[in-house]
2 protein chains.
Amino acid sequence: MTSRAEILAAARRLIDEQGWEKLTIRQVAAELGIGATTLYHHVRNKEDLLLLLITEYANQIPHPELPEQPRDRIIVAMKAGHDAFAAWPWAAEVVIVDGFIGRLGDHALWLVEVVLAGAVDYGCTPAQSVYVFRSLWYYTVGEILVRARSKRDQAAIQGDFDFDARLSSFDPERLPVLAAIGAQWGPLAAEDNFLNGLTALVDGLLAQATATN
Amino acid sequence: MTSRAEILAAARRLIDEQGWEKLTIRQVAAELGIGATTLYHHVRNKEDLLLLLITEYANQIPHPELPEQPRDRIIVAMKAGHDAFAAWPWAAEVVIVDGFIGRLGDHALWLVEVVLAGAVDYGCTPAQSVYVFRSLWYYTVGEILVRARSKRDQAAIQGDFDFDARLSSFDPERLPVLAAIGAQWGPLAAEDNFLNGLTALVDGLLAQATATN
DNA sequence: ACCTGAACACCGTTCAAGT
DNA sequence: ACCTGAACACCGTTCAAGT
């Protein structure tokens with residue numbers, strides 16, 4: 001007898017090994033030594049399987065200790081969400097590609113709540129705090145997806161933007177700064193500056209919001 | 001006799017109609033009234049077809065007039081890149097999903113150059129200007145992907161985060177701000193605040209960079 | 001209830017064979 | 001050169017049939 005938990009565990013194993021795009025229903029079944037069609041007695045379809053996996057994961061995200069200052073609480077909460085996604089970047093890809101977001105459960109939404117409450121405590125209106133959260137969310141999602149991609153394609157593509165391969169072809173007349181940066185791009189793009197950028201964005205957003213009040 | 005231009009035009013037509021994920025080599029061939037295998041005489045494979053389409057599109061992105069101030073040049077250049085992607089969001093998805101970025105050609109890279117040069121003119125080191133660009137890029141990519149997704153899934157999912165469907169289930173004890181925002185979330189999430197967030201991020205990044213110099 | 005193989009309606013891509 | 005149908009190696013999913 002097969003259980004849903006066994007199916008999820010097998011799927012997770014395969015995803016960690018080879019990435020979620022390669023995951024196949026038939027493959028999960030083979031991993032469990034059962035017929036492919038048997039899976040459909042425990043899971044509605046492939047999308048449902050991925051959603052179950054993600055909600056399970058989201059419910060395990062640790063809730064961080066919150067600092068005093070509202071501005072710092074926002075940063076800490078967003079960083080916690082980011083780190084959870086970054087540790088399992090395929091979840092972010094699925095959330096984006098299949099629109100799973102928002103079905104995540106109260107546990108994960110608590111991080112959203114902390115960001116919104118921090119903005120309100122800082123002096124934002126509720127509308128402004130939604131704007132603050134969404135802006136931070138865009139930044140976070142973009143960082144995870146771009147980095148996850150460049151990490152996976154490391155063999156095929158050098159650095160985030162494949163600039164390395166084209167450095168010599170930059171026209172110093174038309175693209176002088178790019179040409180000057182040259183081979184430094186690769187190492188610079190590999191640096192993890194998520195927290196710095198997050199801080200800059202939070203400070204920029206809060207300054208903006210309180211200036212217009 | 002089939003030409004590569006005809007193939008690209010047909011593919012573009014089909015993508016605009018039904019989205020790039022649904023695009024099929026066999027479908028493009030059918031649209032042109034030729035055998036599916038014929039396509040492989042004009043295009044290496046499906047990935048190559050998509051790449052050709054994107055580079056063609058990227059070379060048509062208009063170069064905006066640049067304002068005087070370095071800070072404003074950064075914003076204008078980034079906004080132009082964003083708007084080009086936003087008008088054809090599937091390009092951003094392909095760039096992310098298939099790691100096409102960096103193969104875009106000098107025309108599109110000019111926008112990157114403007115951002116980097118603006119940061120340097122403002123007083124950033126080259127390394128800092130790369131950091132500034134990457135942070136802005138993450139924000140921009142995230143915005144496009146999240147919005148593109150929520151627009152496509154409008155029928156299935158209300159708003160960016162499917163909160164609407166769950167508003168009544170928010171526990172006011174544990175998620176008070178979310179519960180208070182309630183039904184306002186949908187309209188608020190639908191607002192286009194890309195430029196505001198971009199401005200906040202640029203100002204935050206430039207303040208941060210010059211503070212540490 | 002739980003499981004299964006056969007089958008359906010698809011994919012991208014290759015390749016020998018045609019003009 | 002340019003095009004083709006047949007074929008290969010896959011998919012997710014359904015369904016009647018088994019225990």
Side-chain angles (χ1 to χ4, degrees), chain A residues 1-55 90-91 93-100 103 152-153 155-156, chain B residues 1-55 90-91 93-100 103 152-153 155-156:
Chain A
M1 265 198 33
T2 316
S3 74
R4 174 177 281 193
E6 282 175 315
I7 291 173
L8 294 182
R12 179 155 184 176
R13 225 176 303 139
L14 291 168
I15 286 172
D16 286 341
E17 279 170 26
Q18 26 151 299
W20 75 274
E21 309 92 325
K22 307 256 181 205
L23 188 76
T24 253
I25 288 286
R26 295 166 127 102
Q27 204 184 17
V28 176
E31 175 86 3
L32 292 167
I34 62 176
T37 59
T38 306
L39 251 122
Y40 287 85
H41 289 269
H42 303 90
V43 150
R44 206 171 337 168
N45 50 33
K46 192 183 178 182
E47 180 179 329
D48 187 43
L49 197 166
L50 292 173
L51 177 57
L52 288 170
L53 220 43
I54 288 175
T55 53
W90 75 269
E93 291 196 54
V94 172
V95 163
I96 290 299
V97 172
D98 286 329
F100 280 154
R103 317 189 204 169
R152 190 198 318 162
D153 295 347
Chain B
M1 264 198 33
T2 316
S3 75
R4 174 177 282 192
E6 281 175 315
I7 292 173
L8 293 183
R12 179 155 182 177
R13 225 177 302 140
L14 291 168
I15 286 172
D16 287 339
E17 280 170 25
Q18 26 152 300
W20 75 273
E21 308 92 325
K22 307 256 181 205
L23 188 76
T24 252
I25 287 286
R26 294 166 127 102
Q27 203 183 16
V28 176
E31 175 86 2
L32 292 168
I34 62 177
T37 58
T38 306
L39 252 123
Y40 288 85
H41 289 270
H42 302 91
V43 149
R44 205 172 336 168
N45 50 33
K46 194 183 178 182
E47 180 178 329
D48 187 43
L49 197 165
L50 292 172
L51 177 56
L52 287 169
L53 220 43
I54 288 176
T55 52
W90 75 267
E93 290 196 53
V94 172
V95 163
I96 290 299
V97 172
D98 287 329
F100 281 155
R103 318 191 204 171
R152 189 196 320 162
D153 294 348

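Throughout, a chain's letter reflects where its sequence line sits, starting with A, and its residues are numbered from 1.
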Engineer: In whole angstroms, how far is the P atom of D/dT4 from the CD1 atom of B/Ile34?
Structural biologist: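 One finds 6 Å between P of D/dT4 and CD1 of B/Ile34, rounded.
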Engineer: Nearest whole angstrom, please: distance from the P of C/dC2 to the CD of A/Glu6.
Structural biologist: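 In whole Å, C/dC2 P and A/Glu6 CD are 13 Å from each other.
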Engineer: What's the CZ-P distance between B/Arg4 and D/dC2, to the nearest Å?
Structural biologist: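 For the pair B/Arg4 CZ and D/dC2 P, the rounded distance is 12 Å.
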Engineer: Counting Watson-Crick and G-U wobble pairs only, both distances under 3.5 Å, name the nucleotide matched with D/dA6, or none.
Structural biologist: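 Across any shown strand, D/dA6 pairs with C/dT14.
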Engineer: I'd like to know if the side chain of B/Lys22 reaches the main chain of B/Glu17, judged simply by a donor and an acceptor atom lying under 3.5 Å from each other, with no hydrogens or angles considered.
Structural biologist: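 The answer is no, because no donor-acceptor pair under 3.5 Å joins these two groups.
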Engineer: Where is the tightest heavy-atom contact between A/Leu49 and A/Ala11, given as atom of each residue plus distance?
Structural biologist: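 Smallest interatomic distance, heavy atoms only, reads CD2-CB, 3.6 Å.
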Engineer: Which pair of heavy atoms, one from A/Leu23 and one from A/Leu50, lies closest together, and at what distance?
Structural biologist: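 Closest heavy-atom pair between A/Leu23 and A/Leu50: CD2-CD2, 4.2 Å.
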Engineer: Tell me if a side-chain donor or acceptor on A/His42 pairs with a main-chain N or O of A/Ile7 at a distance below 3.5 Å.
Structural biologist: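 Not confirmed, A/His42 side chain does not pair with A/Ile7 backbone.
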Engineer: Can you measure A/Gln27 atom CD to D/dT13 atom P for me and round it to whole angstrom units?
Structural biologist: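 Value for this atom pair: 15 Å.
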Engineer: Separation of A/Glu21 atom CD from C/dG12 atom P, in whole Å?
Structural biologist: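 About 17 Å, once rounded to whole Å.
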Engineer: Identify the nucleotide, in any strand shown, that forms a Watson-Crick or G-U wobble pair with C/dT19, with both distances under 3.5 Å; if there is none, say none.
Structural biologist: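 Answer to the pairing question: D/dA1, which forms a Watson-Crick or G-U pair with C/dT19.
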Engineer: Taking only the P atom of each, what is the distance from C/dA9 to D/dA9 in whole angstrom?
Structural biologist: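 That atom pair is separated by 22 Å.
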Engineer: What integer distance in Å separates A/Lys22:NZ from D/dG12:C1'?
Structural biologist: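 My rounded result for the distance is 17 Å.
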Engineer: Base, sugar-phosphate, or nothing for A/Leu23, non-hydrogen atoms under 4.0 angstrom?
Structural biologist: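 The answer is sugar-phosphate, as A/Leu23 gets under 4.0 Å only of primed atoms, P, OP1 or OP2.
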Engineer: Would you name the heavy atoms of B/Ile54 and B/Trp90 that are closest together and state the gap between them?
Structural biologist: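 Smallest heavy-atom distance, with atoms named: CG1-CH2, 3.8 Å.
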Engineer: Under 4.0 Å between a side-chain N/O of A/Thr2 and OP1 or OP2 of C/dC2, yes or no?
Structural biologist: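 Negative; the distance criterion is not met.
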Engineer: Quickly work out the B/Leu32 CG to D/dC3 P distance and round it to whole Å.
Structural biologist: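 Checked: the CG to P distance equals 10 Å.
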Engineer: Which ones in residues 35-46 of chain A lie close to DNA chain C, meaning a heavy atom under 4.0 Å from one of its atoms?
Structural biologist: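 Only A/Gly35, A/Thr37, A/Thr38, A/His41, A/His42 qualify.
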Engineer: Which pairs would a plain distance check flag for residues 25-32 of chain B, meaning a side-chain donor or acceptor within less than 3.5 Å of a matching protein atom at least two apart in sequence or in another chain?
Structural biologist:
| residue | atom | partner | partner atom | Å |
| --- | --- | --- | --- | --- |
| B/Gln27 | OE1 | B/Thr24 | N | 3.3 |
| B/Gln27 | NE2 | B/Gln18 | OE1 | 3.4 |
| B/Glu31 | OE2 | B/Arg13 | NH1 | 2.6 |

Engineer: Starting at atom CD1 of B/Ile25, determine the distance to atom P of D/dA9, rounded to an integer number of angstrom.
Structural biologist: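 After rounding, the gap between these two atoms is 21 Å.
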Engineer: Which pair of non-hydrogen atoms, one from B/Asn45 and one from B/Asp48, has the smallest distance, and what is that distance?
Structural biologist: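 That would be OD1-N, 2.9 Å.
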